[in-house]
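Below is one structure, written out as structure tokens, with a few remarks after it.
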Amino acid sequence: MPATTPDVVVVTTTHATEDQARALAAAAVRERLAACAQVQPIRSLYWWDGEVQDTSEWRVDLKTRADLADRLTAFIGAHHDYDTPEVVVVPVTGGSPAYLRWVATETAG
């Protein structure tokens, strides 16, 4: 990315219900740990308790600065009801410079 483009990441987690996902997304944005979040229904298949689980979940993608990823990860862990919540941080390697600057501006200083 050009030197003028901030380092941005997408932090992804999931919740069992839409209400939980929306509440977490709103809280993270309110705390300025994320500039924005998308909440969407998904189907998850995973190994848990000795067998394959097949469940409906709600995915939350949060856009934030790379230097806030650890704080956002801790925030998710503190506000999540799963024993082992998914938290995946993926770097944004490109995009609209104006959007990436907006993400940087709208997150905690």
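Atoms considered below: every heavy atom in the structure, side chains included; atoms not considered: hydrogens, waters and symmetry mates. These figures come from a predicted structure and were not determined experimentally.
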*Please test V60 against L62 for side chain to side chain contact (heavy atoms under 4.5 Å, CB included), starting from the C-alpha separation and ending with a verdict.*
CA-CA 6 Å; V60 183; L62 302 122; 3.8 Å; yes
*asked:* Using the rule given for side chain to side chain contact (heavy atoms under 4.5 Å, CB included), can you reason through L100 versus V92, listing the C-alpha separation, both sets of side-chain angles and the distance that settles it, and then say yes or no?
replied: CA-CA 9 Å; L100 299 177; V92 174; 4.0 Å; yes
*Run the side chain to side chain donor-acceptor pair (under 3.5 Å) check on T107 and R65 step by step: do they pass?*
CA-CA 7 Å; T107 49; R65 295 191 331 254; 3.0 Å; yes
*Where do S96 and W102 land on the side chain to side chain contact (heavy atoms under 4.5 Å, CB included) test, with the steps shown first?*
CA-CA 10 Å; S96 161; W102 174 81; over 6 Å; no
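The minimum heavy-atom distance between R32 and T105, with the atom names listed, is NH2-O, 3.7 Å. Looking at every heavy atom in both residues, K63 comes nearest to Y99 through CG-OH, 3.4 Å. Heavy atoms only, all atoms of each residue included: A16 and Y82 are closest at N-OH, 2.9 Å. Listed here is the closest heavy atom pair of V9 and A69: CG2-CB, 4.2 Å. Closest of all the heavy-atom pairs between L24 and T13 is CD2-CG2, 3.6 Å.
At a threshold of 4.5 Å between non-hydrogen side-chain atoms, the residues R101 and P6 count as touching. Counting heavy atoms from C-beta on, the side chains of V88 and V11 never come closer than 4.5 Å. At a threshold of 4.5 Å between non-hydrogen side-chain atoms, the residues D7 and D67 do not count as touching.
Remark: side-chain polar atoms of T14 are not paired, donor with acceptor, to backbone N or O of R59 under 3.5 angstrom. A side-chain donor-acceptor contact under 3.5 Å links Q20 to the backbone of T17. Judged purely by atom type and a 3.5 angstrom limit, H15 has no side-chain atom pairing as donor or acceptor with the backbone of D81. Proximity of a side-chain donor or acceptor of Q53 to a complementary backbone N or O of W47 within less than 3.5 Å is not detected. A distance-only check finds no donor-acceptor pair linking the side chain of T12 to the backbone of D61 [under 3.5 Å].
At a threshold of 4.5 Å between side-chain heavy atoms, the hydrophobic network of Ile, Leu, Val, Met, Phe, Trp and Tyr places V39 and F75 in one connected group. V89 and L68 fall into different hydrophobic clusters, where Ile, Leu, Val, Met, Phe, Trp and Tyr residues are linked whenever their side-chain heavy atoms come under 4.5 Å apart, directly or through other members. In terms of hydrophobic clustering, with Ile, Leu, Val, Met, Phe, Trp and Tyr side chains grouped at heavy-atom distances under 4.5 Å, V29 and V103 are assigned to different clusters.
Atoms CG and OH, on D54 and Y46 in that order, are 9.0 Å from each other to the nearest 0.5 Å.
The closest side-chain donor-acceptor pair between S44 and E57 falls under 3.5 angstrom.
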